[in-house]
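Since the structure comes first, as structure tokens, the remarks are kept for the end.
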Amino acid sequence: QVQLVESGGGSVQAGGSLRLSCAAPEFRYTSLCLAWFRQAPGKEREGVAAFDADGSAMYADSVKGRFTISQDNAGNTLVLLMNTLKPEDAAMYYCAADLRCSGLRNFGLSPRGMDYWGKGILVTISS
């Protein structure tokens with residue numbers, strides 16, 4: 001079992017910035033890929049950003065140029081910096097863990113490749 005601890009989020013005006021953090025403090029395996037997903041009401045969960053096993057950043061087209069991910073050296077904490085937020089970015093954001101990074105390799109930024117999920121953190125955008 002991988003516990004994922006999400007923090008950050010909240011409410012911001014359009015054009016503003018927010019920072020989300022995801023930590024897997026008890027992770028013991030040698031390889032782990034963390035990713036951010038989001039789900040807006042009435043919509044399917046979609047991938048936002050992640051680092052693959054090679055350390056390359058992956059972004060959804062809708063957030064490229066506005067969102068940036070970073071991680072600590074151990075790879076157990078993933079930070080999502082969201083800039084120039086738009087009303088359509090409002091959603092519940094979920095951290096996910098892909099053990100052995102095989103999900104990202106096989107399915108890209110798809111929920112089907114993730115093994116564990118955080119509880120989610122709400123991001124609201126006011127226009």
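Index from 1, following the sequence.
Going from atom OH of Tyr94 over to atom CH2 of Trp36 covers 11.5 Å, rounded to the nearest 0.5 Å. In this structure, CG on Leu78 lies 5.5 Å from CG on Leu34, to the nearest 0.5 angstrom.
Nearest heavy atoms, Ala24 versus Leu4: CB-CD2, 3.9 Å. For the residue pair Val79 and Ser21, the shortest heavy atom distance occurs at CG2-OG, 4.0 Å. Here the closest heavy-atom approach between residue Ala90 and residue Ala40 is recorded as O-CB, 3.8 Å.
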Could you please spell out the steps behind the side chain to side chain contact (heavy atoms under 4.5 Å, CB included) verdict for Met82 and Leu20?
CA-CA 8 Å; Met82 306 183 291; Leu20 304 181; 3.8 Å; yes
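Looking only at side-chain heavy atoms (C-beta outward), Met114 and Tyr116 stay at 4.5 Å or farther from each other. Two residues are said to be in side-chain contact when any heavy atoms from C-beta on lie closer than 4.5 Å; Leu85 and Leu18 meet this criterion.
Hydrophobic cluster membership differs between Leu80 and Met92, with clusters built from Ile, Leu, Val, Met, Phe, Trp and Tyr side chains linked at under 4.5 angstrom.
A distance-only check finds a donor-acceptor pair linking the side chain of Asp115 to the backbone of Leu99 [under 3.5 Å].
Taking a 4.5 Å side-chain heavy-atom cut-off between Ile, Leu, Val, Met, Phe, Trp and Tyr, the cluster of Val5 contains only that residue.
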Exercise answer: donor-acceptor pairs, residues 46-67 side-chain atoms, under 3.5 Å, sequence neighbours excluded:
residue	atom	partner	partner atom	Å
Glu46	OE2	Arg38	NE	2.7
Glu46	OE2	Arg38	NH2	3.2
Asp52	OD1	Asp54	N	2.9
Asp52	OD1	Gly55	N	3.0
Asp52	OD1	Ser56	N	2.8
Tyr59	OH	Ile69	N	2.9
Asp61	OD1	Lys64	NZ	3.1
Ser62	OG	Arg38	NH2	3.3
Arg66	NH1	Thr84	O	2.9
Arg66	NH1	Asp89	OD2	2.7
Arg66	NH2	Ser62	O	2.8
Arg66	NH2	Asp89	OD1	3.0
Arg66	NH2	Asp89	OD2	3.3

Under 3.5 Å donor-acceptor pairs involving side-chain atoms of residues 119-127, not counting sequence neighbours:
residue	atom	partner	partner atom	Å
Thr124	OG1	Ser11	OG	3.1

Donor-acceptor pairs under 3.5 angstrom involving side-chain atoms of residues 101-111: please list them, not counting sequence neighbours.
residue	atom	partner	partner atom	Å
Asn106	ND2	Ser102	O	3.1
Ser110	OG	Arg112	N	3.3

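Every residue was checked against the side chain to side chain donor-acceptor pair (under 3.5 Å) condition with Glu88, not counting sequence neighbours, and none meets it. Applying the ring pair (Phe, Tyr, Trp, His ring centres under 6.0 Å) rule to Phe37 yields the partners Trp117; only residues at least two apart in sequence or on another chain are considered.
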